[in-house]
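Heads up: numbering here begins at 1 and tracks the sequence.
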Amino acid sequence: MRLLQIWMMSALAAFSLRAAVPPTTMVLPGVDEASIKQQFTEKPLQLLEGIWEYPNEEMKLAIERYDGEQNIAYRIIMLESSDLELLPGTVVGYIAPSADAKKFQLWMYTQSSKVGLKAPLECVATLSADATSLTFVPPHYKMKVRINMIRFFTNIFRGVSVIPEKVEEKLPVGFRKVFPANGNGEKFNEIRYL
């Protein structure tokens with residue numbers, strides 16, 4: 001009974017936090033890279049704040065502080081994209097902190113609609129030690145079905161063979177920080193020639 005209560009409370013907490021993320025995206029007027037850079041130079045920045053590249057989607061994004069409902073602390077704003085249907089200033093996701101300072105709860109909109117984006121997908125994002133990359137693994141679902149054939153055909157089958165499944169390593173999906181520049185004056189992830 002106690003386990004059921006704990007499960008119900010965690011499901012309710014997850015649902016209430018998910019309810020704080022809008023079901024569809026919004027477009028912030030007058031947002032471009034120059035205005036975001038100006039905004040970032042005028043205030044002290046937290047580790048996540050800045051301009052990021054999202055190579056998998058060919059986007060340039062800004063992560064800024066957001067006074068959202070409940071635990072949501074940042075929003076992700078699209079600045080440039082190879083997708084011409086998305087307008088600069090489109091909010092493409094939200095981020096909430098967790099108990100671990102390097103792990104965050106991330107929501108990214110995954111489907112296009114007539115008015116923008118919809119269907120936020122939730123996953124866990126990890127900030128690198130030098131705060132120059134934010135990686136996440138989109139959730140994927142596997143279903144395994146096991147049938148105990150030996151139970152039905154005990155006389156035919158005398159043993160069970162196990163065939164290992166190769167799990168391939170996948171490159172991480174995520175963002176690379178490009179602004180602000182580090183202390184030496186060059187951009188993050190840019191080769192510096194001496």
E58 atom CD, neighbour heavy-atom count above 12 within 6.0 Å | no
Are more than 12 heavy atoms from other residues, nucleotides or ligands located less than 6.0 Å from atom CG of D100?
-> yes
Side chains of [X] and [Y], heavy atoms from C-beta outward: is any pair under 4.5 Å?
{"X": "I51", "Y": "I36", "value": "yes"}
{"X": "T90", "Y": "M26", "value": "no"}
{"X": "F136", "Y": "V173", "value": "yes"}
{"X": "Y109", "Y": "P23", "value": "no"}
{"X": "F179", "Y": "T41", "value": "yes"}
{"X": "V178", "Y": "W52", "value": "no"}
{"X": "F175", "Y": "L61", "value": "yes"}

Side-chain heavy atoms under 4.5 angstrom apart, residues restricted to Ile, Leu, Val, Met, Phe, Trp, Tyr: same cluster for L28 and V21?
-> yes
Which one of I77, L86, L87 satisfies the side chain to side chain contact (heavy atoms under 4.5 Å, CB included) criterion with V27?
-> L87
Can you tell me how far apart [atom1] ([X]) and [atom2] ([Y]) are? Round to the nearest 0.5 Å.
{"X": "L134", "Y": "L106", "atom1": "CG", "atom2": "CG", "value": "6.5 Å"}
{"X": "N71", "Y": "S98", "atom1": "CG", "atom2": "OG", "value": "8.5 Å"}
{"X": "L117", "Y": "E85", "atom1": "CG", "atom2": "CD", "value": "9.5 Å"}
{"X": "L127", "Y": "K102", "atom1": "CG", "atom2": "NZ", "value": "5.0 Å"}
{"X": "Y66", "Y": "I76", "atom1": "OH", "atom2": "CD1", "value": "12.5 Å"}
{"X": "Q46", "Y": "I63", "atom1": "CD", "atom2": "CD1", "value": "11.5 Å"}

State plainly whether the residues R176 and E53 are in salt-bridge range, i.e. N to O under 4.0 Å.
-> yes
Distance-only, no hydrogens or angles: does the K177 side chain make a donor-acceptor pair with backbone N or O of L47 under 3.5 Å?
-> yes
Minimum heavy-atom distance P180-G50, with the two atoms named = CD-CA, 4.3 Å
Over all atoms of both residues, closest heavy-atom pair of T110 and A119 = OG1-O, 2.8 Å
Just checking, any donor-acceptor pair under 3.5 angstrom between side chains of T126 and K103?
-> yes
Do we see a donor-acceptor contact under 3.5 Å between the side chains of Y94 and Q105?
-> no
Which is it for I95 and I72 under the side-chain contact (heavy atoms from CB on, under 4.5 Å) test, yes or no, and what are the steps along the way?
-> CA-CA 6 Å; I95 299 174; I72 297 174; over 6 Å; no
S35: partners by side-chain contact (heavy atoms from CB on, under 4.5 Å), with sequence neighbours left out | D32
Of all residues at least two apart in sequence or in a different chain, which pass the side chain to side chain donor-acceptor pair (under 3.5 Å) check with S128?
-> D130, S133
Qualifying residue for salt bridge (charged side-chain N to carboxylate O under 4.0 Å, His left out) with E49, from R75, K37, K43 | K43
Dump the intermediate steps for side-chain contact (heavy atoms from CB on, under 4.5 Å) on M59 and E80, then the final yes or no.
-> CA-CA 5 Å; M59 286 185 179; E80 293 178 16; over 6 Å; no
Go through the steps for Y74 and R65 under the test side-chain contact (heavy atoms from CB on, under 4.5 Å), then give the verdict.
-> CA-CA 4 Å; Y74 303 95; R65 272 181 260 178; 4.0 Å; yes
